[in-house]
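Before any comments, here is the structure.
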Number of protein chains: 2
Amino acid sequence: MQRFSKKVSMTVVKRLPKYYQYLSDLLENDIEKISSRELASLMGLTASQIRQDLNSFGGYGQQGYGYNVGELREAIKEILGLDSEYNCMIIGAGNMGHAIANYERFKREGVILKGVFDVDPLRVGTVVGSVVVKHMDEIEKFIKNNEIDICILCVPREVGQKVATLITDLGVKGILNFSPLDLDVPGDVVVENVNITDSLFTLTYLLGE
Amino acid sequence: MQRFSKKVSMTVVKRLPKYYQYLSDLLENDIEKISSRELASLMGLTASQIRQDLNSFGGYGQQGYGYNVGELREAIKEILGLDSEYNCMIIGAGNMGHAIANYERFKREGVILKGVFDVDPLRVGTVVGSVVVKHMDEIEKFIKNNEIDICILCVPREVGQKVATLITDLGVKGILNFSPLDLDVPGDVVVENVNITDSLFTLTYLLGE
DNA sequence: TAGATTGTTAATCGATTAACAATC
DNA sequence: TAGATTGTTAATCGATTAACAATC
């Protein structure tokens, strides 16, 4: 289900969530219209860049006026696929799994936590976020019954690939990967990595510049 | 303390932690040498790109042979500043603060957790990672006494900017920011953002492509 | 209508890829 | 020496910036 005809570069895609955030904030503050120049100064981009970005999708602006904040926010929300709901699960009920399970923002944007899994008998049966932790043995049945779209991987590096293979074999098409390794997945599966170690090392690099 | 003469683009910098990870893995598996072609296929880059990247820093390879894994890893470790130690602190002892405090990898690479702070009286006094949670009232004295290089921000969005201003006023020069907002900091302070919400939204976008 | 600001084309800049001489 | 592979230059590709006609 491709939403737009022109293909959009990854560089632009990575900026879309930021646009969504800033526009949501503006709306929160009852700001109705904004020009590319104003938004640029707010976000630390250039006005040109913003107009180019927004035009990869369509003409959301109006000459002589600027952009209507509410309309543009709705458009980007839809572009990001946030007009649909997503069933999600977390694998790994350690500290990171806990942290994500309690992120209110996910639910607010339509990403519904359906289950949390772990192999540790001490964790199975405990409550994390809004759900009871299940054992990995139950995962096959669970994924089928709950039509899981997104799996959030919070397992140790050593088992990351094994678990990724398991869930993609069971039909999961989206992975938000907190395990610090690059996953090898089938071509129709999308992975977004959150690699905290990489971020830390980028920071230590920048500290020495 | 600039480590290298040629200035390196952010694009290359962002790849350095990945090189470090892959080279560490190779070394772990007792692989002594690797060619740009082999490393490229492993990392999903091109051989040309790897040779260009590594040459932003210096000639670590050898014609007809390739790269010595151990030597190259040491070089990149130094480039990333991981030959020094860093004193770090975490602000926010919620789930995310807990998760980071228990990351073994940080300590292993010389990033030493000196303290964890929170404002919640229920959290102050509890043990997180290896340290006892302190109240924010003690932060000024603490930063001075411990020569904190890096602050890991795990506070709610609403207080993120306030806390960032506080710690940069106290001399902290590096922030690993898990709070989902863009921080406004002085020019000599470096911030690396880990924005989980942005990552999730990138994933939902890609799921609809 | 005049002023403002977009949408869009053209120019510039930067990053990736290709090619090959240097050299181990 | 012959084969392999780097370091580096040149060519290509893509992203950002600049400029301005279109138009609200």
Side-chain angles (χ1 to χ4, degrees), chain A residues 4-19 22-23 26 31-76 79 202 205-206 209, chain B residues 4-19 22-23 26 31-76 79 202 205-206 209:
Chain A
F4 301 94
S5 44
K6 280 185 229 170
K7 72 190 171 327
V8 179
S9 79
M10 204 55 183
T11 330
V12 176
V13 171
K14 289 281 182 186
R15 276 196 291 267
L16 290 177
K18 286 262 173 278
Y19 285 121
Y22 277 90
L23 291 166
L26 287 167
I31 291 163
E32 275 179 21
K33 73 135 248 178
I34 194 155
S35 68
S36 56
R37 195 173 43 72
E38 291 166 314
L39 189 57
S41 127
L42 212 56
M43 295 182 63
L45 303 173
T46 68
S48 234
Q49 201 172 19
I50 287 182
R51 294 204 297 277
Q52 291 277 21
D53 282 0
L54 299 182
N55 258 85
S56 342
F57 298 102
Y60 297 112
Q62 195 169 304
Q63 279 108 327
Y65 173 81
Y67 299 87
N68 177 290
V69 173
E71 276 175 27
L72 184 57
R73 179 181 176 279
E74 280 310 302
I76 291 181
I79 291 164
T202 303
Y205 173 90
L206 294 171
E209 238 183 351
Chain B
F4 301 93
S5 43
K6 280 185 233 171
K7 76 196 167 323
V8 179
S9 78
M10 204 53 183
T11 330
V12 177
V13 171
K14 289 281 183 185
R15 277 196 290 267
L16 290 176
K18 286 261 172 276
Y19 284 122
Y22 277 91
L23 290 165
L26 287 167
I31 291 163
E32 274 178 22
K33 74 135 247 179
I34 194 155
S35 68
S36 56
R37 194 172 44 73
E38 292 167 315
L39 189 56
S41 126
L42 212 54
M43 294 181 65
L45 303 173
T46 67
S48 236
Q49 200 172 17
I50 287 182
R51 295 205 297 277
Q52 292 277 21
D53 282 359
L54 299 181
N55 257 84
S56 344
F57 299 102
Y60 298 113
Q62 196 169 304
Q63 278 107 328
Y65 173 81
Y67 299 87
N68 177 291
V69 174
E71 276 175 27
L72 183 56
R73 179 181 176 278
E74 280 309 302
I76 290 180
I79 291 164
T202 303
Y205 173 89
L206 293 172
E209 241 185 349

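From a predicted model like this one, the values you see are computed outputs, not experimental measurements. Each chain gets a letter, A, B and so on, in the order its sequence line appears, and its residues count up from 1.
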Donor/acceptor link under 3.5 angstrom from B/Gln52 side chain onto base of C/dT17: yes

What distance do A/Met10 atom CE and B/Thr202 atom OG1 have between them, rounded to the nearest 0.5 Å? 6.0 Å

Is any side-chain N or O of B/Arg51 closer than 4.0 Å to OP1 or OP2 of D/dG7? no

So which nucleotide from D/dA18, C/dT6, D/dC24 ends up closest to the side chain of A/Gln62? D/dC24

Proximity to the side chain of A/Thr11 - top-ranked nucleotide from D/dT16, C/dT5, D/dG7: D/dT16

D/dT5 phosphate, OP1 or OP2, under 4.0 Å from B/Ser36 side-chain N/O: no

Less than 4.0 angstrom between a side-chain N/O of B/Tyr65 and OP1 or OP2 of C/dA22, yes or no? no

Watson-Crick or G-U wobble mate for D/dA15, both contacts under 3.5 Å: C/dT12

I need the CD1-C1' distance between B/Ile34 and D/dT6, as an integer number of Å. 14 Å

Polar side-chain contact B/Ser9-C/dA15 base: donor and acceptor under 3.5 Å: no

Interatomic distance, A/Asp53 CG vs D/dG14 P [rounded to whole Å]: 17 Å

C/dA18 base to B/Ser48 side chain: any donor-acceptor pair below 3.5 Å? yes

If you check the A/Lys33 side chain, which of D/dG7, D/dT17, C/dT5 turns out closest? C/dT5

Once you apply a heavy-atom cut-off of 4.0 Å, does A/Ser35 come out as touching a base, just sugar-phosphate, or nothing? sugar-phosphate

Quick one: is D/dT17 close enough that its OP1 or OP2 comes under 4.0 Å of any side-chain N or O from A/Gln49? yes

Sort out the partner of C/dA22 for me: Watson-Crick or G-U wobble, both distances under 3.5 Å, none otherwise. D/dT5

